[in-house]
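Chain naming here is simple, since letters A, B, ... match the order of the sequence lines and numbering starts at 1 in each. Since the structure is predicted, the reported quantities are computational estimates derived from the model, not experimental observations.
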Number of protein chains: 2
Amino acid sequence: MTAHSHSHHHHTEHHLTGSEILTDIVIGMSDGLTVPFALAAGLSGAVKDVNLIIIAGIAEIAAGSIAMSLGGYLAGKTAQDHYYSELRREYDEIERLPDMEREEVRVFFEGLGLSPSVQNQAVEELVKDKDRWADFMMKHELGLEKPDPKRARKSAFNIGVSYVVGGLIPLSPYFFTENGIKGLQISAGVTLLCLFTFGYFKSKLTGTNPWQCALKVAFIGAIAAGCAFGIAKLISA
Amino acid sequence: MTAHSHSHHHHTEHHLTGSEILTDIVIGMSDGLTVPFALAAGLSGAVKDVNLIIIAGIAEIAAGSIAMSLGGYLAGKTAQDHYYSELRREYDEIERLPDMEREEVRVFFEGLGLSPSVQNQAVEELVKDKDRWADFMMKHELGLEKPDPKRARKSAFNIGVSYVVGGLIPLSPYFFTENGIKGLQISAGVTLLCLFTFGYFKSKLTGTNPWQCALKVAFIGAIAAGCAFGIAKLISA
């Protein structure tokens, strides 16, 4: 859901691991803060018993974190299977249809504005090594990068934990009050502050304006909570 | 959350629009079917009043669909801003540090296995056109594609609507019964069947085994619902 991008490209390789974890935390926490917050807000306007808000909130955290982490894990596995099936296809095409694949390489160099003679020389040199050729087709024709098998598992874990941590923040005020609206007021204050702070730091990852990002993230939370509150109040009336 | 990939690369350009809409539907509907289903399942084990399950479910659908669609829309806008700020940076670096940028182009060709003389010829020809040069750096150094401004808005709409449609499926059985557990039984049957069917067709997009994909998607829903049910029952006891 969130754009994966690095703050400054000259540091990409240096900060790769750190920024992957941060990306996972951003993905998990932005949904974790937003959806349980909005659900609890919605119920606060429609339900008398605060315990019900807590039960629904925790059920949502369980459902949302599992859907995101397990869903992400299996999507990662699928991406991996897809990569290797496409790689096999490329090797196969290089064997069976070398002229077609060679032409696809030439078209790539043509697109870069190279002259016909340099295109042909570059093609000749690149196709000498079949592994490099297949790798080239994967990257530049299909836009597929080799997936890291450990990454899917780690990423699922990070996203799931971030969702749970994020989700417990908007829910926690309801533990200390008997009054849903009172809980909502504290929850809204705490959560919007967290979303704002979180958006500010998130901008470091995407390389955009921090205040603008902070406002955007808090705005999404406020709109989601406001709509959930209004709709729940309407149907419970 | 879902791997964006196309079924067969030789048809990528033909099917682009169709597959973008399908990708949006897959993203919105897989979460829409899963999370409201699991939340309603969780509440079925903990709450007597079916109306509360419906109110919570609808509040969740409102919260989740807004968080996903508005979140996706603003993430798209951020990606767009990011693209243009990086593009300006590339033009700026081409003006200020042409030797460094030229070396980065050479290293790219070196990585393809080209000989030093072809590397240099290719660099000379590519850097003749500054727009092409900047475009090359964006694509092959940073891995950034030019974003479509209309895409973010359409995608947000598609994802939001799919989430709402998906979410109403697991919730609908509760409209017709007074008994939460009865509602859960029908909801589980209907939703797991939908997830299974949905996973089967989703595999057409990702190019993986249809039955395996169908089982995976249904499995995520079942696990999420089972955990939400167990946890909600535990804390409400």
Rounded distance (nearest 0.5 Å) linking atom NZ of K77(B) with atom CD of Q212(A) = 11.0 Å
inquiry  = A side-chain contact here means heavy atoms from C-beta on lying under 4.5 Å apart; do L39(A) and L39(B) qualify?
reply    = yes
ask   = Where does the angle between the aromatic ring planes of F108(A) and F108(B) fall among parallel (under 30°), tilted (30 to 60°) and perpendicular (over 60°)?
value = tilted
query = Of the non-hydrogen atoms in I235(B) and I55(A), which two are nearest, and what is the gap between them?
reply = CD1-CA, 3.8 Å
key: Atom CZ of F219(B) with >12 non-hydrogen neighbours under 6.0 angstrom   = no
ask   = Would you find a donor on one side and an acceptor on the other, under 3.5 Å apart, between the side chain of Q121(A) and the backbone of V118(B)?
value = no
Non-hydrogen atoms of A38(A) and A63(B) that approach each other most closely = CB-CB, 3.3 Å
task = Work out which heavy atom in I231(A) is nearest to a heavy atom in A62(B); give both atom names and the distance.
result = CD1-CB, 3.7 Å
message = Just so I understand: if I count every heavy-atom pair under 4.5 Å between each of C227(A), A46(A), A122(A), G143(A) and chain B, which residue has the most?
response = A122(A)
task = Grab the two heavy atoms, one from L43(A) and one from A56(B), that are nearest each other, plus how far apart they are.
result = CD2-CA, 3.7 Å
task = For each of L74(B), T34(B), I159(B), tally heavy-atom pairs with chain A at distances under 4.5 Å, and name the one with the top tally.
result = L74(B)
inquiry  = Rounded at 0.5 Å granularity, tell me how far NZ in K128(A) sits from OG in S115(B).
reply    = 7.0 Å
inquiry  = Shorter than 4.5 Å, heavy atoms on both sides: which option in N51(B), L52(B), D81(B) has the most such pairs with chain A?
reply    = L52(B)
note = Tightest non-hydrogen contact, residues A59(A) and A232(B), listed as CB-CB, 4.4 Å
request  = Answer with side chain, backbone, both or neither: which region of L114(B) has an atom nearer than 4.5 Å to a non-hydrogen atom of chain A?
outcome  = both
key: Heavy-atom closest contact (A67(A) atom, V35(B) atom, distance)   = CB-CG2, 3.8 Å
key: Residue, of I61(B), L126(B), V47(B), I54(B), that accumulates the most heavy atom pairs under 4.5 Å with chain A   = L126(B)
query = Got a second to check how far I66(B)'s CD1 is from I223(A)'s CD1, nearest 0.5 Å?
reply = 7.5 Å
message = Side chains of F109(A) and L112(B), heavy atoms from C-beta outward: is any pair under 4.5 Å?
response = yes
remark   = Filtered by a 4.5 Å non-hydrogen cutoff, the part of residues 129-139 of chain A contacting chain B is R132(A), F136(A)
Interchain contact, S236(B) with chain A, by part (heavy-atom threshold 4.5 Å) = both
